[in-house]
Protein chains: 2
Amino acid sequence: MATIGDVARAAGVSRSTASYALSGKRAISEEVRQRVAEAARALAYTPNAGARALATSQTMVLGLLAQFYEDEFAPAMMQYIRAVSDTARTLGYDILLVTEADGARALRRITDSRMVDGVVLLNIAEHDERLPVLRAAPRPGASVGLPADCSGLDVFDLDFEEAGRVMVDHLHRLGHRELILISQPEHVVHRGGAYVWRLRDAAVQRARERGVTLHAVYGESRQPAVGRLLNTLLDTYPSATGLLLNNEAAAAALPSVARARGLRVPEDLSVIGRYSDDFAATFSLPYSFIESAPDRLGSMAVRHLVRRVESTTARDEPYVVRFISPELVSRGSTAVPR
Amino acid sequence: MATIGDVARAAGVSRSTASYALSGKRAISEEVRQRVAEAARALAYTPNAGARALATSQTMVLGLLAQFYEDEFAPAMMQYIRAVSDTARTLGYDILLVTEADGARALRRITDSRMVDGVVLLNIAEHDERLPVLRAAPRPGASVGLPADCSGLDVFDLDFEEAGRVMVDHLHRLGHRELILISQPEHVVHRGGAYVWRLRDAAVQRARERGVTLHAVYGESRQPAVGRLLNTLLDTYPSATGLLLNNEAAAAALPSVARARGLRVPEDLSVIGRYSDDFAATFSLPYSFIESAPDRLGSMAVRHLVRRVESTTARDEPYVVRFISPELVSRGSTAVPR
DNA sequence: CGCGATTGCCGAACCGGTTCGACAGATCGC
DNA sequence: GCGATCTGTCGAACCGGTTCGGCAATCGCG
């Protein structure tokens, strides 16, 4: 492989001149610049990333820490990853993907060894063990998901509280007075999935304010358990006219349950979900839903992170906690109750 | 951050001694080794990855080139990615994930700049434009998916031909004489998805050999089109007693179609799919299927790649094309025909 | 006791870039 | 015509590791 020394020799200049000619960081005569460029082209010169990283202490790589859980919908994670990766690339960065179970150790490894200029953390738990590591790390980071303590962090998440209120308000306005909310399984909460109770608590409170009866239950994450649960709930609360789903598995299972029961949506039951458009497409879900926008969140986190990485002034700006406001995508699955 | 110079000074030895003490590549007295280890611990020393890469010309990073298509099931890609990432980590490597649309250019970029020690290419098309780049690259690679020309490549794939034969044989042995095979949409073939016709052609031929009638059609990749197609086919070939699915979307849509038609599996219709166990779990599919084993394929590709990367003798071994033999996972969805 | 082999450490070079200071030659103003 | 400024290039140092050759001090052995 050709080094910058080879290029310099071929162009008849010194290494430093070759470097300046290629980077344009100092004035170089047009004639020399051309000779160097030509030599670089002819030798198929590509700078050695390690050497450059060593000299500039910039790797142009961002770490991406994904966290997988058995009971979570893998494609959702995929959407985050794609958004982060694509946005990073348009900003000139590559992605070091880390799927290690021990996220804290992995984070320490890639930041301490200077493999990355910054990190994006996905699937943040309420008391995420990676966060202390991130705060102490020599590299900036961006978290997707809301932890209990946001100090010293840039945090990006959907506004799940508002999502809960929007769901309740929407059905309340249509005249519904008794609703069912199916959340993720309770163990997701125990694991630190704060978004579950954030949406739930806000919905419960808003329902109380509006005089709406809300049956809030924790669901299951798999078939056939989640199908059975749907049936049980619909049997238990026959007078409920609206169903809110903060549970992907339940949303995916609902069409067949509804069909089996001869239940028409929205004539007999109004339905609002909370998931990503990609999820809706994969399962062909015919329900109105709150878009959880993994692509926007991922992209936002990366842009913010890169700003901090690249600008010394941005590096010292105060940390931000930024919420995406929930957007209700209508698919016609809500109506005035019978 | 502490450098090895800091560690050496703290331990009262030279940089080279510190290096040897930490790597163990030369004999070092136990006492000095301890002093150095202690100093490294105290200073929280972590070697600078760029510097090490420069010195050793090894980055301990593998590139992973994923290719996304609208009509493909994203979670499947996710399974490959996880398998590759997890296997790489157990072997001491990190993963540079590249999702760029222009895969050939991305591949050139990461190999020429020496960011990675090797690359794994996913979703290989029949005439994949990344392959010429890989062959010319200064780094070894492993391809998952079978291209038309395997020369100069290590290739790993499911044996789709055998999968087609296994499907046909299984139902033939049970007594079935008329089958339907739904493949991926035809445009997947045009894009270079060779696995589609590889399974199809082998199934067609085996059916001919066995005297079985096989209606082989290209399917759709989305609801509701794929649901309509299923209904049409079942109407068109009412005497068919077996259904073979090399099409994830069709498999996912089948349960509700069957229920709507009052079709019992396997009493009225025997069904065999071809997908991953993860896909089966996500959609709770109750069908026997040929496991497409993305985890095994990904893991295998990485292990082979790492062997080539690490051993100079392995580097010159002949290239391999390795097929995983299809495994039929029984879920009781096949039986003797009416 | 003397000599060669072994052990344990050090100094220096190297990997391949970037960047700072210096300097020669051209240009300018007065 | 001379000093000051500007322009374009070079040499050297540096980033932070690894590794080779060399050199004492110690050891084993006849």
Side-chain angles (χ1 to χ4, degrees), chain A residues 1-37 39-40 43-61 109-117 138-139 310, chain B residues 1-37 39-40 43-61 109-117 138-139 310:
Chain A
M1 279 305 276
T3 71
I4 201 167
D6 301 331
V7 172
R9 200 171 320 117
V13 298
S14 73
R15 295 201 305 147
S16 55
T17 301
S19 177
Y20 285 125
L22 291 173
S23 71
K25 291 188 182 172
R26 271 201 188 176
I28 294 286
S29 71
E30 181 57 20
E31 192 236 327
V32 167
R33 212 192 51 68
Q34 294 240 353
R35 276 216 317 276
V36 171
L43 297 172
Y45 167 72
T46 311
N48 180 304
R52 177 171 280 178
L54 184 56
T56 62
S57 46
Q58 282 222 1
T59 62
M60 299 308 282
V61 174
R109 182 165 52 78
I110 66 173
T111 53
D112 285 1
S113 69
R114 299 291 202 274
M115 301 181 78
V116 296
D117 293 340
R139 291 284 179 258
E310 293 189 343
Chain B
M1 281 301 280
T3 73
I4 200 166
D6 300 331
V7 173
R9 199 171 320 117
V13 298
S14 73
R15 294 203 306 148
S16 56
T17 301
S19 177
Y20 285 125
L22 292 172
S23 72
K25 290 188 182 174
R26 272 200 186 177
I28 293 287
S29 71
E30 181 56 22
E31 192 237 325
V32 167
R33 211 192 52 68
Q34 294 241 355
R35 276 215 318 275
V36 171
L43 298 172
Y45 166 71
T46 310
N48 179 305
R52 177 171 280 178
L54 184 55
T56 63
S57 46
Q58 283 222 359
T59 62
M60 299 308 283
V61 174
R109 183 165 51 78
I110 67 172
T111 53
D112 285 2
S113 70
R114 298 292 202 275
M115 300 180 79
V116 296
D117 293 339
R139 291 282 180 257
E310 295 189 342

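Chain letters run A, B, ... following the sequence lines, proteins first and then strands; every chain starts at 1. The structure presented is a predicted model; accordingly, all values stated were derived computationally and were not measured.
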Quiz prompt | Trace of the side chain to side chain contact (heavy atoms under 4.5 Å, CB included) decision for A:Asp112 with B:Tyr45 | solution = CA-CA 8 Å; A:Asp112 285 1; B:Tyr45 166 71; over 6 Å; no

Practice problem: Would you please name every residue forming a side-chain contact (heavy atoms from CB on, under 4.5 Å) with A:Ala49, sequence neighbours left out? | Solution: B:Ser113, B:Met115

Quiz item: For B:Arg35, what residues pass the side-chain hydrogen bond (donor to acceptor under 3.5 Å, both in side chains) criterion, not counting sequence neighbours?
Solution: B:Glu31

Quiz item: Any side-chain heavy atom of B:Tyr20 within less than 4.5 Å of one from B:Val36?
Solution: no

Self-check item: chain B contact limits on DNA chain D, taken 5' to 3' with a cut-off of 4.0 angstrom to heavy atoms
Solution: D:dG16 to D:dG22

Practice problem: Using the closest heavy atom to pick a nucleotide of DNA chain C for each, name whichever of B:Arg15 or B:Gly12 lands nearer the 5' end. | Solution: B:Gly12

Quiz prompt | B:Pro47 versus B:Arg52, closest heavy-atom pair with distance | solution = CG-NH2, 3.4 Å

Self-check item: Side chain A:Asp117, main chain A:Gln58, donor-acceptor under 3.5 Å
Solution: no

Exercise. Please list, by residue number, the residues of residues 17-27 of chain A whose heavy atoms come closer than 4.0 Å to an atom of DNA chain C; answer none if no residue qualifies.
Key: A:Ser19, A:Tyr20, A:Lys25, A:Arg26

Quiz prompt | Counterpart residues, side-chain contact (heavy atoms from CB on, under 4.5 Å), relative to B:Thr3 (two or more places apart) | solution = B:Asp6

Practice problem: Only counting residues at least two apart or in another chain, list the ones meeting side-chain hydrogen bond (donor to acceptor under 3.5 Å, both in side chains) with A:Ser19. | Solution: none

Quiz item: Which parts of residues 49-60 of chain B get close to DNA chain C, meaning a heavy atom less than 4.0 angstrom away?
Solution: B:Leu54, B:Ala55

Quiz prompt | Taking every non-hydrogen atom, the tightest pair across B:Ala18 and B:Val13 | solution = N-CG2, 4.1 Å

Self-check item: Trace of the side chain to side chain contact (heavy atoms under 4.5 Å, CB included) decision for B:Met1 with A:Arg114
Solution: CA-CA 10 Å; B:Met1 281 301 280; A:Arg114 299 291 202 274; 2.8 Å; yes

Quiz item: Roughly how bent is the helix from C:dC1-D:dG30 to C:dC30-D:dG1 end to end, in steps of 10 degrees, with each end axis from five pairs?
Solution: 40°

Exercise. Could I get the full list of side-chain contact (heavy atoms from CB on, under 4.5 Å) partners for B:Thr111, not counting sequence neighbours?
Key: B:Leu107, B:Val116, B:Val119, B:Ala137, B:Pro138, B:Arg139

Quiz item: Does the base of C:dG11 carry an N or O that pairs as donor and acceptor with the side chain of B:Ser14 under 3.5 Å?
Solution: no

Quiz item: Hey, what do you get for OG1 (A:Thr46) to CD1 (B:Ile110), rounding to the nearest 0.5 Å?
Solution: 12.5 Å

Quiz prompt | Contacting residues from residues 30-37 of chain A, given that a heavy atom lies under 4.0 angstrom of DNA chain D | solution = A:Val32

Practice problem: State which residues pass side-chain contact (heavy atoms from CB on, under 4.5 Å) with A:Gln34; sequence neighbours excluded, sorted by chain then number. | Solution: A:Glu30

Exercise. Mind listing the closest non-hydrogen atom pair of B:Ala40 and B:Leu22 along with its distance?
Key: CB-CD2, 4.3 Å

Quiz prompt | Those residues that, when tested against B:Ser14, pass side-chain hydrogen bond (donor to acceptor under 3.5 Å, both in side chains) (two or more places apart) | solution = B:Ser16, B:Thr17

Quiz item: Hey, does B:Ser16 reach any base, or is it just sugar-phosphate, or nothing, if we go heavy atoms under 4.0 Å?
Solution: base

